[in-house]
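Data block below; observations after.
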Amino acid sequence: MSILSLIKPLPCHFQRQGFLDFHGRDSESIAERCSGNIIEKGLFWQDEAAVISFNFNQIGQVLILLDISREVTDADKIALSELADHMLGLDQDVDTFEAQCITQNSPMSSLVKQQMGLRIPQSASPFEAFSWAIVGQQISVKAAISIRRRFIQAFGVQHSSGLMCYPTAKSLSEVVPEDLQATGFSKAKAAALLLLSEHLRQGKLIWPSQPDRLAIESLTEQLLALKGIGPWTVSYGLLRGFSWLDGSLHGDVAVRRNLSTLLKSSVPLDAKATEQWLADYSPWRALVGAHLWAMDSEISY
């Protein structure tokens, strides 16, 4: 067993509680274990079961550890640093967004001032982000967490620490729709996840290494061509998997509800009105959606 460690400074106003809440949303701690200011998460590291942990016990910095069974390499050190930046949202240019937004005299600028430093915690991989998005289609967060738990238990691999490692597209190669349905997936969601997994395994779909606008537009087109994957799933998966902050979450019920509250609208805003309102905030539409999510005291997606 090897332990790889690094320490990263955190930017001013970094909201560690949001990170802890996102990764600790399953109270049964199947794949993530939360203890105070520490999160441990099981994941595959180059096809091997591993655990990554984030320790926020020191002010202004975080200690990241990777527990793997083999000797670590320089490549592992670079990859861990990049993954940590990604999961923490440190590669998100929220300072520019906040500087532009708070100069406006609007309800949104007031909200952003209250929630300075909000970043979008990231899934450990794009596949985890998109599979979670598929699970969460049109059901409550509580129900989605329950299905996610059973999915991980059925198809993940247990690390020596006891934590389960989130399944990959490769690990689902022998899975049939009925197997997923047994964990709570609907027939349509099971088909969508297996179709996505198959495209990834066969190289028909390749995650972009540099998620610029051109690459994201191409990926979006490919994903929308897959049956069972719609605009909300794509925008959410891009947000949690690639830190893409310009997806429009106008189809999200919580976004519409909280925007109606923020604007003190006498009638609930529908998807079309929400989409039009969010358009003014491009290229930050998904980040605005996250600020609207944060208005809730309940766990958000």
Side-chain angles (χ1 to χ4, degrees), residues 1-8 16-17 19-58 61-90 121-132 135 144-175 179-180 182-185 193-194 197 200-201 207 240-241 299:
M1 182 183 74
S2 298
I3 302 292
L4 178 58
S5 68
L6 61 90
I7 295 175
K8 284 191 173 287
R16 65 182 182 184
Q17 194 59 49
F19 183 87
L20 294 168
D21 288 345
F22 177 68
H23 290 289
R25 59 198 184 279
D26 185 355
S27 61
E28 294 193 21
S29 303
I30 297 300
E32 297 91 5
R33 183 184 297 132
C34 183
S35 176
N37 291 320
I38 301 173
I39 277 283
E40 300 171 281
K41 176 178 174 61
L43 77 170
F44 282 99
W45 188 265
Q46 297 176 352
D47 294 331
E48 292 186 43
V51 168
I52 188 172
S53 67
F54 296 82
N55 185 329
F56 294 93
N57 282 330
Q58 297 297 320
Q61 63 184 34
V62 57
L63 169 65
I64 300 112
L65 302 176
L66 180 69
D67 181 349
I68 54 177
S69 59
R70 59 169 173 76
E71 291 297 317
V72 298
T73 66
D74 289 341
D76 289 320
K77 296 175 184 178
I78 295 171
L80 179 60
S81 180
E82 292 175 346
L83 179 60
D85 283 347
H86 168 71
M87 292 181 68
L88 292 162
L90 298 183
Q122 297 291 292
S123 298
S125 71
F127 181 76
E128 181 176 349
F130 278 93
S131 55
W132 170 236
V135 168
I145 289 171
S146 179
I147 294 171
R148 176 184 185 267
R149 181 189 309 131
R150 295 195 294 271
F151 170 66
I152 294 170
Q153 289 173 315
F155 308 111
V157 171
Q158 190 172 47
H159 182 261
S160 58
S161 65
L163 286 172
M164 299 295 295
C165 300
Y166 197 90
T168 64
K170 183 178 180 180
S171 66
L172 298 181
S173 60
E174 302 299 322
V175 174
D179 296 332
L180 286 175
T183 68
F185 279 71
L193 181 58
L194 292 181
S197 301
L200 288 167
R201 288 195 303 271
W207 301 127
R240 292 291 193 194
I299 297 174

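Just so it is clear, the values below take in all heavy atoms, side chains as well, and ignore hydrogens, waters and symmetry mates. Nothing here was measured: the structure is a model prediction, and the numbers come from that model.
Under the 3.5 Å distance criterion, the side-chain polar atoms of S81 are left unmatched by any main-chain donor or acceptor of I78.
Across all their heavy atoms, K77 and L6 have their closest contact at O-CD2, 4.5 Å. Across all non-hydrogen atoms, the minimal contact from E71 to S2 is CA-OG, 3.5 Å. Smallest separation of non-hydrogen atoms from T168 and F127: C-CE2, 3.6 Å. In plain terms, the two heavy atoms of A31 and L163 that are nearest each other are C-CD2, 3.8 Å. Across every non-hydrogen atom of R150 and G184, the tightest pair is NH2-CA, 3.7 Å. Between A50 and I68 the shortest heavy-atom distance is CB-CG2, 3.4 Å.
Atom CG of L172 sits about 9.5 Å away from atom CG of D179, to the nearest 0.5 Å. With rounding to the nearest 0.5 Å, the separation of CD in E40 from CG in N55 is 9.5 Å. Here the straight-line distance linking atom OG of S35 with atom CG of L20 works out to 10.5 Å at 0.5 Å rounding. Atom CE of residue M87 and atom NE2 of residue H23 lie 4.0 Å apart, to the nearest 0.5 angstrom. In this structure, F44 CZ and S171 OG are separated by 5.5 Å, a value rounded to the nearest 0.5 Å. Between I147 atom CD1 and L180 atom CG the span is 10.5 Å, to the nearest 0.5 Å.
Residues S173 and R201 are in side-chain contact: their nearest non-hydrogen atoms beyond the backbone lie under 4.5 Å apart. With contacts defined as side-chain heavy-atom distances shorter than 4.5 Å, the pair V51/R33 does not qualify. Using a 4.5 Å cut-off on side-chain heavy atoms (C-beta onward), F155 and V175 make contact. Side-chain atoms of I145 and E28, non-hydrogen and from C-beta on, never get closer than 4.5 Å to each other. Counting heavy atoms from C-beta outward, I64 and L83 have side chains that stay 4.5 Å or more apart. Residues W45 and L4 fail the side-chain proximity criterion, which asks for heavy atoms closer than 4.5 Å. No side-chain heavy atom of F56 sits under 4.5 Å from any side-chain heavy atom of I39.
Within a 6.0 Å sphere centred on CD of Q61, heavy atoms belonging to other residues, nucleotides or ligands number more than 12. The local environment of NZ in K170 is sparse, with at most 12 non-hydrogen atoms from other residues, nucleotides or ligands closer than 6.0 Å.
Residues meeting the side-chain hydrogen bond (donor to acceptor under 3.5 Å, both in side chains) test with S123, sequence neighbours left out: none. Under the rule for a salt bridge (charged side-chain N to carboxylate O under 4.0 Å, His left out), E174 has no partner lying at least two apart in sequence or in another chain.
Under 4.0 Å is where a charged nitrogen must lie from a carboxylate oxygen, and between E128 and R148 at least one such pair does.
Using the six-membered ring where Trp is involved, F19 and F54 have ring planes that are perpendicular, over 60° apart on the 30 and 60° scheme.
A donor-acceptor contact under 3.5 angstrom links the side chains of S69 and E48, judged on distance only.
Two rings, from W132 and Y166, have their centers 6.0 Å or more apart.
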